[in-house]
Amino acid sequence: MPQQEQDQGQKQGVLRRVFLLIPGILLCGVVTIVSLGIQAAEERVFDHPYIEALVVAILLGMAVRTAWEPAERWRSGIAFSAKQLLEVAVMLLGASISFAAILASGWLLIGAIALTVVIMLAVSYGLARLLGLKAKLAILIACGNSICGNSAIAAVAPVIEADGDDIASSISFTAILGVLMVLGLPLLIPLLKLTATQYGILAGLTVYAVPQVLAATVPAGIVSTQIGTLVKLVRVLMLGPIVVALSLLVARRRKAGTEAGTAEEGPAKAAAISPFKLVPWFIIGFLVLAALRSFQLVPDIAIAPVTKTAAILTVVSMAALGLGVDVRVLSTVGGRVTAAVTLSLMLLLALSIGLVHFFK
């Protein structure tokens, strides 16, 4: 009888925790619906969204948070949406990655793209640190500029345990420059006398999001669009190894901190660190789904709904992040973050222009 009562109490506790999540999740859902509606309106007017729904979601969330501070009943659901739902979204993205399509583009181009990403990761991180930004914020900016903008920031954030203010800061300024890149990059075609292939490579290397690559390359023709999308896909694929490397680094530092503790606490804490905790579960899931997709074990009919689900969950998470951000915190780091993102993007553009002239 006591065991039955204990089991019943545990079930009630689980149901209570789930019930407490509902208000915050619903609030994030409302912001998500509005954001998706704004993106749909952009697509009808401009054919492609210049400002993605996830950017709109975080800005709307910040606007709501500025006008109204959510009470305790909302916070658990908002926190769940910002972390757990984001981790699920990152895992699901693996199903859209095919290693075969990447390899078909040629090793020289793949190597050049990978080298560019690695160089810019180091340069962007070093630049951000020189400007006085915190290590976690510098990592977010480096990954956002070097890999795939907001998606990279969203994927890396839970791995390095970045707080909402850092995520919002990096995403907000990266999003603004991403839109400016889409609008200004086509002007370089006549200025630099770029071929369709060269411009496609340049767009794929410098523009943040896949929809923005399409928006930047469609005016230049189908060849630029195809090349730009392919190059962008290679950059996105770099996200997996980078996130795994960061997770291993975080685990190593955590273990080092544990070993530096007291003799009594050390063994107990060290025992809690297992090999399965070295890499977050959602990154393992991402790589497994990518491998299954590459071996054609994931049916094509499932790709679209899985990708759509991941995209919607990401927007929900960004809405949650916005709802948890105090704008006053952004104002304290805004100038330095803007400088770090802008200078990093200018260096990426210069490096990419040099690279595209190699591929004639």
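Since this is a predicted model, take the numbers as computed values, not measurements.
Considering only heavy atoms from C-beta on, L202 comes within 4.5 Å of L349 through its side chain. Taking 4.5 Å as the limit, some side-chain heavy atom of R293 sits within range of a side-chain heavy atom of I303. Using a 4.5 Å cut-off on side-chain heavy atoms (C-beta onward), D166 and D163 make contact. Contact of the V337 side chain with the S170 side chain is not registered, since no non-hydrogen atoms from C-beta on lie closer than 4.5 Å.
Distance CD1/I227 to OH/Y199: 13.5 Å, rounded to 0.5 Å. Atom CE of M238 and atom CD1 of I147 lie 7.0 Å apart (nearest 0.5 Å). Taking CD1 from I201 and CD1 from I113, the interatomic distance works out to 7.5 Å, rounded to the nearest 0.5 Å. In this structure, CD1 in I78 is found 9.0 Å from CZ in R65, a value given to the nearest 0.5 Å. Atom CD1 of I167 is separated from atom CE of M318 by 6.5 Å, given to the nearest 0.5 angstrom. One finds the CG atom of L355 at 5.0 Å from the OG1 atom of T116 (value rounded to the nearest 0.5 Å).
Sparse packing is recorded around CD1 of I301, with 12 or fewer heavy atoms of other residues, nucleotides or ligands lying under 6.0 Å away.
When all heavy atoms of T206 and R235 are compared, the pair lying nearest together is N-NH1, 3.5 Å.
Using a distance-only test at 3.5 Å, with no hydrogens or angles considered, a donor-acceptor pair links the side chain of S224 to the main chain of A196.
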Between R75 and E69, is a salt bridge (charged side-chain N to carboxylate O under 4.0 Å, His left out) present by the stated rule, with each step listed?
CA-CA 10 Å; R75 293 175 187 169; E69 181 177 358; 3.6 Å; yes
Would you please test N145 and S344 for side-chain hydrogen bond (donor to acceptor under 3.5 Å, both in side chains) and show each step?
CA-CA 7 Å; N145 269 14; S344 178; 2.9 Å; yes
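No single ILVMFWY cluster, assembled from side-chain heavy atoms under 4.5 Å apart, contains both I33 and I22. Under a hydrophobic-cluster definition in which Ile, Leu, Val, Met, Phe, Trp and Tyr are linked whenever side-chain heavy atoms come within less than 4.5 Å, directly or via other members, I119 and I353 are assigned to the same cluster. By the criterion of side-chain heavy atoms lying less than 4.5 angstrom apart, applied directly or through intervening Ile, Leu, Val, Met, Phe, Trp or Tyr residues, I189 is grouped together with V213 in one hydrophobic cluster. Hydrophobic clustering, with ILVMFWY side chains joined whenever heavy atoms are under 4.5 angstrom apart, keeps L130 apart from I139.
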